[in-house]
Amino acid sequence: MKTIFEKTNGNDGINLTDKKLNLDFLPSEFVRNGEIGLPQLGELDVMRHYKELSDRNFCIEKGFYPLGSCTMKYNPKVNELLASLEGFNIHPSFDDDMAQGSLELMYKLQQALLEVTGMDAITLQPSAGAHGEMTGMMIIKKYFDTIGEKRTKVIIPDSAHGTNPASAKMSGFDIVEIKSNDKGQVDIEALKSVLGPDVAAIMMTNPNTLGIFEEQVEEISKIMHENGSLLYYDGANFNAIMGYTNPKLMGFDVVHLNLHKTFATPHGGGGPGAGPVGVVEKLKDFLPTPVIEFDGKKYYRNYDVKHSIGSVKDFCGNFSVLVKAYAYILMMGKNLKKASENAVLNANYLKEKLKKYYDLPYDEPCMHEFVITGERQKHENGVSTLNIAKAMMDGNAHPPTVYFPLIVHEAMMIEPTESENKEVLDEFVELMIKIANECKTEPEKMLTAPHTTPVKKIDEVTAARHPDLKYTD
């Protein structure tokens, strides 16, 4: 495919003015004398170019997207329409009196998220999951600083999400990793061995990154609280438990939610996302400002929060994302519980169908996702997990997350979500069985996959070390 520069044909897409502009008010050193160097095409040519580029992208509208840990569920298109309603197109600097509708929506979204998490107070400001993590860790740090306790360490299981250590470290903590037991869960004895008066918190995902529910979470909570420590809940896998349990019942003190995962707002392009953070009662005075509140007559932004960590995002967060999440919650209602039920059912169905053909490191009932490995294929046929992932692309399926979690060699983390029906799941099973068989009969074919995509197998090392990011003639 040609670049848009190579398609240049000298046609102007638009003329801003036919009049010569008077630029005398600008200093001469800021006035361009030469050509800008932009491509010259008509509007139709530009439209066709970007449509062609778009068609090359794989998306959930095209096929199965089982990207483990990322919860790539279908985003209802009606939510996009609702987020674009004229009444929501207001500037965030408007006075509260002029923004009552938007403030009401955010307040009611807060109440809904408090209901499903069990928490006592919440902020909508953070703009992503990792941003929510760091916000939560900043709250924990300021809490201990305020009560005069010097706690410098955060415990993180080896099955945690990769951003957890970074979030804790950036918030000023030292990281202590503990190993999983033979069931893929937190090892209680390993946890006890690293506890001390300097431990501020533990960061956990439940179900964890292996897709396994931490059965001893209540005991972990008791152990941590008896030590004077707090528990942080990474809500990346919240799609597995809605309506069945919540972080408060498990004993957590801080939780973030990924609205762009569990509550069906779009991923992509690095954002915008949303990572609201909920806290228990004793931490509510540390939330970022402003906090959206209601006095019985008026919704308003409260900037007077006693021990606030300060603002972590402009205004009140990514508002359009909040609108979409609230629309999804209203649309689903009590069916949020059904969403989790179907997500868990779909994952267990795939796991049971595939474990005969790929290694299963932890043969436990899974929640919304599971991990299989390509160890067998690599050792017997020289076909790695990366090769298997590339081969999936020839079958109109997006590869799952691979080589993560790090504690599983040749890992493939598969999350079907609740969006997919049995026919789609069965097609994926057939594809995975076909790939497993071809690893034995045609391993050389696997090593050169994909074969049907617009871009074939690339030199990933060169692409990473020497990226070509700029067009040159």
Side-chain angles (χ1 to χ4, degrees), residues 57-76 129 159 161-162 205 207-212 236-241 258 260-268 339-362 364-375 377 384-405 408 410-436 439 446 449-450 452-453:
N57 286 332
F58 190 92
C59 56
I60 199 167
E61 286 82 0
K62 276 190 174 183
F64 189 40
Y65 211 128
L67 194 63
S69 188
C70 283
T71 315
M72 300 296 286
K73 65 205 284 181
Y74 175 67
N75 305 148
S159 63
H161 279 109
T205 308
N208 63 31
T209 309
L210 296 165
I212 298 171
N237 293 344
F238 194 73
N239 201 52
I241 66 167
N258 301 66
H260 48 286
K261 296 170 67 166
T262 304
F263 298 98
T265 72
H267 285 65
S340 290
E341 179 182 321
N342 288 339
V344 172
L345 176 63
N346 283 355
N348 278 278
Y349 180 76
L350 285 184
K351 176 175 71 71
E352 292 302 313
K353 289 285 187 178
L354 295 177
K355 69 180 186 180
K356 175 181 176 182
Y357 302 93
Y358 298 89
D359 291 339
L360 186 65
Y362 298 96
E364 301 281 336
C366 69
M367 297 295 287
H368 65 307
E369 66 188 3
F370 64 98
V371 175
I372 55 175
T373 86
E375 282 275 277
Q377 286 74 18
S384 70
T385 284
L386 182 61
N387 300 136
I388 294 169
K390 297 292 187 185
M392 289 185 209
M393 298 164 70
D394 286 330
N396 196 40
H398 193 284
T401 300
V402 295
Y403 298 109
F404 186 78
V408 177
E410 299 296 316
M412 288 179 274
M413 189 197 307
I414 298 172
E415 180 180 1
T417 81
E418 73 276 11
S419 301
E420 305 298 345
N421 59 40
K422 184 174 180 294
E423 288 73 21
V424 172
L425 301 182
D426 286 337
E427 288 174 3
F428 181 68
V429 169
E430 291 176 10
L431 172 63
M432 293 298 285
I433 293 173
K434 177 175 179 287
I435 290 173
C439 286
M446 293 294 102
T452 62
T453 53

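Residues passing the side-chain hydrogen bond (donor to acceptor under 3.5 Å, both in side chains) test with Asp394, sequence neighbours excluded: His451, Thr452.
The aromatic rings of Phe238 and Phe263 lie tilted to each other, with the angle between the two planes from 30° to 60°. The aromatic rings of His260 and His267 sit perpendicular, their planes meeting at an angle over 60°, well past the 30° parallel limit.
To the nearest 0.5 angstrom, Glu352 atom CD is 8.0 Å from Leu360 atom CG. One finds the CG atom of Leu67 at 11.0 Å from the OG1 atom of Thr417 (value rounded to the nearest 0.5 Å). Summarising the geometry, atom CG belonging to Asn396 is positioned 9.5 Å from atom CG belonging to Leu431; distances are rounded to the nearest 0.5 Å. Atom-to-atom distance recorded for Met367:CE and Lys351:NZ is 12.5 Å, nearest 0.5 angstrom. In this structure, the separation between CE on Met393 and OG1 on Thr453 is 5.0 Å, given to the nearest 0.5 Å. Summarising the geometry, atom OH belonging to Tyr65 is positioned 8.0 Å from atom SG belonging to Cys70; distances are rounded to the nearest 0.5 Å.
Between the side chain of Asn346 and the main chain of Glu420, a donor-acceptor pair closer than 3.5 Å is present. His368 contributes no side-chain N or O that, together with a main-chain N or O of Ser340, makes up a donor-acceptor pair within less than 3.5 Å. Between the Thr209 side chain and the Ser159 main chain, a donor and an acceptor come within less than 3.5 Å of each other. Side-chain N or O atoms of Lys62 include one that pairs as donor or acceptor with a backbone N or O of Asn57 at under 3.5 Å. When atom types are taken as modelled, the side chain of Lys73 and the backbone of Thr262 share a donor-acceptor pair closer than 3.5 angstrom. Asn237 contributes no side-chain N or O that, together with a main-chain N or O of Gly211, makes up a donor-acceptor pair within less than 3.5 Å. Using a distance-only test at 3.5 Å, with no hydrogens or angles considered, a donor-acceptor pair links the side chain of Tyr403 to the main chain of Leu386. A distance-only check finds no donor-acceptor pair linking the side chain of Asp426 to the backbone of Glu423 [under 3.5 Å].
Annotation for Phe428 and Leu354: closest pair CE2-CD1, 4.1 Å, computed over non-hydrogen atoms. Heavy-atom minimum distance, Met432 versus Ile372: CE-CD1, 4.3 Å. Looking at every heavy atom in both residues, Ala343 comes nearest to Asn239 through CB-ND2, 3.9 Å. When all heavy atoms are compared, the tightest approach of Leu350 to Ile414 is CD1-CG2, 4.1 Å. Here the shortest heavy-atom pairing between Pro405 and Val371 reads CD-CG2, 3.9 Å. Minimum interatomic distance between Met392 and Pro399 (heavy atoms only, all atoms of both residues): SD-CA, 4.0 Å.
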Using side chain to side chain contact (heavy atoms under 4.5 Å, CB included), reason through Val429 and Tyr357 one step at a time and then give a plain yes or no. CA-CA 10 Å; Val429 169; Tyr357 302 93; 6.0 Å; no
Side chain to side chain contact (heavy atoms under 4.5 Å, CB included) between Tyr358 and Gln377, intermediate numbers included: CA-CA 8 Å; Tyr358 298 89; Gln377 286 74 18; 3.6 Å; yes
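No side-chain heavy atom of Met413 sits less than 4.5 Å from a side-chain heavy atom of Pro400. Looking at heavy atoms from C-beta onward, Pro207 lies out of side-chain contact with Glu369 at the 4.5 angstrom threshold. Contact annotation: the side chain of Leu425 approaches that of Phe64 to within less than 4.5 Å [non-hydrogen atoms, C-beta and beyond].
A donor-acceptor pair shorter than 3.5 Å can be found between the side chains of Glu410 and Thr385.
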